[in-house]
Amino acid sequence: MEIKKDSSKIFRNIFLKDCYLEIEGEKLLDGSIRISGAKNSALVLMAASILSEGQVNLFNVPRISDVLIMSKILIAMGINIKSNSNQLKINTKEIIPPSQELLSDLFNALRVSFFCIGPILARFGKADIPLPGGCLIGSRPIDEHINSLKKLGVIFKFKDNYLSAEVITPHKRLVGSSITFKCKSVGATETLVMAASLAEGTTILNNAAQEPEIIDLANMLNLMGARIKGAGSERIKIEGVKTLKGCDYTVIPDRIEAGTFLIAAAITRSPISLFPCEPRHLKEVINKLEACGCKFEYSKQLLRIIPNQILNSVNMNTSPYPGFPTDLQAPFMALMATANGTSKIEETVFENRMNHVKELKRMGANITLRNNVATVIGVKNLHGTNVLGSDLRATAALALAGLSARGKTKVRGLEHLERGYEDFSNKLRKVGANILKKK
Ligand code: UD1
C-alpha cells in the first residue's frame, strides 16, 4: 500500500480523543504476547533513510501513529513510501528539501521529527524547520543538538517557532569535529551520528547516550556504507563518507513495550511469555522485578516472567541506559502501588514526568509526591474509576493499574497510547485480560 501525501489532519488521531479503554480488573493473564519492533528505533531509522541514495527496506516496523506521522514527514520531502503490514519501502530518488509550511503541523505533532535535522543538513546543506512538539513531559530542550551541529559547521537563526540552519563550510558539506555532550541525550547522539556519517572527516562523540536504539541506528547506517564504531559505548567514532546506499534492515524488538507487558504480568500476578525479546536490553528492569519477587526464564528470544503472589516494594530511580528507563517509570509506579511495603521512585531524566500520580491516586493508590520523588505505599486493592492519561507511558501505566483494580476502569488518552503501542488492547485481550477499546 502506498502511503498518500494528503492534506487531511490525521496527524494526531483526533477521533481517539473520544475513545477509551474499558477494563474489568482482577483477571489472571496467561499465554504469550508478540513484541513489536521498537518505536524509538523505527522512527530514527526512518529519519536516517533521508541520507540514503537508494531504497531502504525496513522490516518489523510497528503500526503506530508516530510512524504514520514520520511517514508523512518523509512524503512531504518527496520521498516515496510503500507500506505492507510491518514493512516500509522508502525510496528517496525524488527527495527535495522540505518546506516550512508543509512540515509545520507534522513537526508540531512529533518530537522525534526534529531528529531529521541532521540528515536534512547533511543532504541539503540547509534546513528551515519548525521547533519540535511531542509528549508533555517537561521542556525537552534541544541545545545539545544545536550546539553540537554548530561544531560541524552549521549556523542557526531562530524566528518565532522556526529555526533556520545552514552549513557554512566552503563546500557546504558538514565537517567532522570532536564533541563532548553536556548530558546524555538519545536524540542528540542520534542526530550527530546521522549528520556526521556524511561529513567530511572524522567526528568523535564523547559522553554519548548508549541506548540499544543507537546501536540499531549505527548498524543500519554501517550497512548503508557508513563507518561508525563504538555505538553503545560513551565514545562513538564516525568517519564521514561521501554517499550512503540503500539496504534491508529489521528493527529490534521494543524493550519498552516488553517492559510494559512484564509489568502487566507482575501487576496481575500472572505468568506470561514475551516473544521476540532481548533481555539484555531490559537488565535493570528485570533486576528490579526480581527484587520484587518475580522469576524469569529465557530461551531463544522467549522471555517468561513468573511473579510471586505477594510482591515486595523496591526503590527505583530512572537514569540513562543501562539504568532503569524513564519510559517505564509510570508503569513501575503502578506496580509499586499494589506491592507490599513502601517504595521510593525518583525521576531523574525528565523534570515533569509525574502526571500519572494524581490519576493513580484516584484509583486508590497511596502516593506522596515531593519534587520528583514519589513515595508509594502499596495498597491491597486499587479500585476502578475513570482516569485520563496525559502522555504515552502514563496512559499505559493507568491501563496496567486497571488490570489489577477491583471493578471497572475507563482509561482515556488513547491518542497518546496509540503513538507508541501497536495493538495494545488486543495483545492483552489475547492473554486473558478483560479490556476493550470503546467509543
Ligand atoms: C528519547 C526517547 C524517549 C525517552 C528519552 C529518554 C526517542 C524517540 N525518544 O527521547 O522515549 O524517554 O529518550 O530515554 O528515542 N536534553 C537536554 N538538551 C538536549 C536534549 C536533551 O538538556 O538538547 C535533556 C532532556 O531534557 C532530558 C535528557 O536530556 O532531561 C534526556 O533527553 P533525551 O535523551 O534527549 O530524550 P529524547 O531523545 O527526546
Side-chain angles (χ1 to χ4, degrees), residues 37-48 61-62 64-67 69-70 73 107 109-118 131-151 156 158 163 165 179-195 205 207-217 231 234 251-252 254-257 259-260 281-282 284-285 317-332 346-356 372 391-397 416-417 419-421:
K39 159 187 167 286
N40 289 349
S41 263
L43 293 170
V44 80
L45 297 179
M46 290 173 76
V61 178
I64 52 177
S65 67
D66 272 7
V67 163
I69 296 170
M70 186 55 109
I73 290 171
F107 267 58
L110 187 63
R111 177 178 164 85
V112 73
S113 57
F114 187 72
F115 303 179
C116 293
I117 193 171
L131 292 169
C135 264
L136 299 173
I137 51 173
S139 61
R140 305 189 81 170
I142 49 167
D143 54 313
E144 291 286 303
H145 303 243
I146 303 283
N147 292 336
S148 40
L149 284 169
K150 279 183 185 165
K151 288 208 157 182
F156 289 89
F158 295 89
L163 166 164
I179 290 158
T180 301
F181 293 113
K182 288 204 183 81
C183 69
K184 289 213 170 195
S185 160
V186 178
T189 303
E190 290 172 340
T191 294
L192 265 287
V193 165
M194 290 188 278
L205 304 178
N207 198 26
Q210 294 169 260
E211 271 68 1
E213 293 76 18
I214 294 166
I215 303 177
D216 216 26
L217 172 65
E234 287 180 307
V251 179
I252 53 169
D254 195 315
R255 65 194 167 97
I256 304 299
E257 188 200 24
T260 304
H281 295 166
L282 282 158
E284 199 44 36
V285 178
N317 63 277
T318 62
S319 55
Y321 192 83
F324 194 99
T326 171
D327 286 348
L328 289 174
Q329 178 258 108
F332 193 76
E346 183 175 7
E347 174 58 57
T348 70
V349 178
F350 291 110
E351 80 280 15
N352 182 21
R353 204 175 199 180
M354 289 286 186
N355 292 328
H356 44 286
N372 267 338
D391 65 57
L392 167 58
R393 308 302 172 184
T395 313
H416 302 299
L417 188 78
R419 284 188 44 213
Y421 290 94

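Both counts, for ligands and for their atoms, begin at 1 and track the order of listing. The figures that follow rest on heavy atoms only: side chains count, while hydrogens, waters and symmetry mates do not.
- Atoms of ligand 1 lying under 4.0 Å from at least one heavy atom of Cys183, given by number and element, are 16 (N), 17 (C), 22 (O), 24 (C), 29 (O).
- Proximity annotation for atom 1 (C) of ligand 1: of Val186, Thr189, Ile256, Val349, Val186 comes nearest, heavy atoms only.
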(message) Using the rule given for side-chain contact (heavy atoms from CB on, under 4.5 Å), can you reason through Leu282 versus Phe324, listing the C-alpha separation, both sets of side-chain angles and the distance that settles it, and then say yes or no?
(response) CA-CA 8 Å; Leu282 282 158; Phe324 194 99; over 6 Å; no
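- When the heavy atoms of Leu392, Leu328, Ile142, Asp327 are ranked by distance to atom 4 (C) of ligand 1, first place goes to Asp327.
- The only option from Asn317, Asn372, Thr326 that meets the side chain to side chain donor-acceptor pair (under 3.5 Å) definition with Glu347 turns out to be Thr326.
- For the residues Ala188, Ser319, Pro141, the heavy atom positioned nearest atom 19 (C) of ligand 1 is part of Pro141.
- Partner of Lys184 under the side chain to side chain donor-acceptor pair (under 3.5 Å) criterion, out of Glu211, Glu144, Gln210: Gln210 alone.
- Residue Phe115 approaches ligand 1 through these ligand atoms, each under 4.0 Å from one of its heavy atoms: 38 (O).
- With a 4.5 Å cut-off on side-chain heavy atoms, Val285 and Pro325 count as touching.
- When only interatomic distances are considered, the shortest N/O to N/O separation between Gly187 and ligand 1 falls below 3.5 Å.
- Residue Glu190 has no nitrogen or oxygen atom sitting less than 3.5 Å from a nitrogen or oxygen atom of ligand 1, judged on distance alone.
- Summarising the contacts of atom 21 (C) of ligand 1 with Ser113, Ser185, Ser148, the nearest heavy atom is found in Ser185.
- Considering backbone and side-chain N/O atoms, Lys39 never comes within less than 3.5 Å of an N/O atom of ligand 1.
- Not a single heavy atom of Leu43 lies less than 4.0 angstrom from ligand 1.
- Ligand 1 lies within reach of Arg353, whose nearest heavy atom is under 4.0 Å from it.
- No N or O atom of Thr326 sits closer than 3.5 Å to an N or O atom of ligand 1.
- Heavy atoms of His145 approach ligand 1 to within less than 4.0 angstrom.
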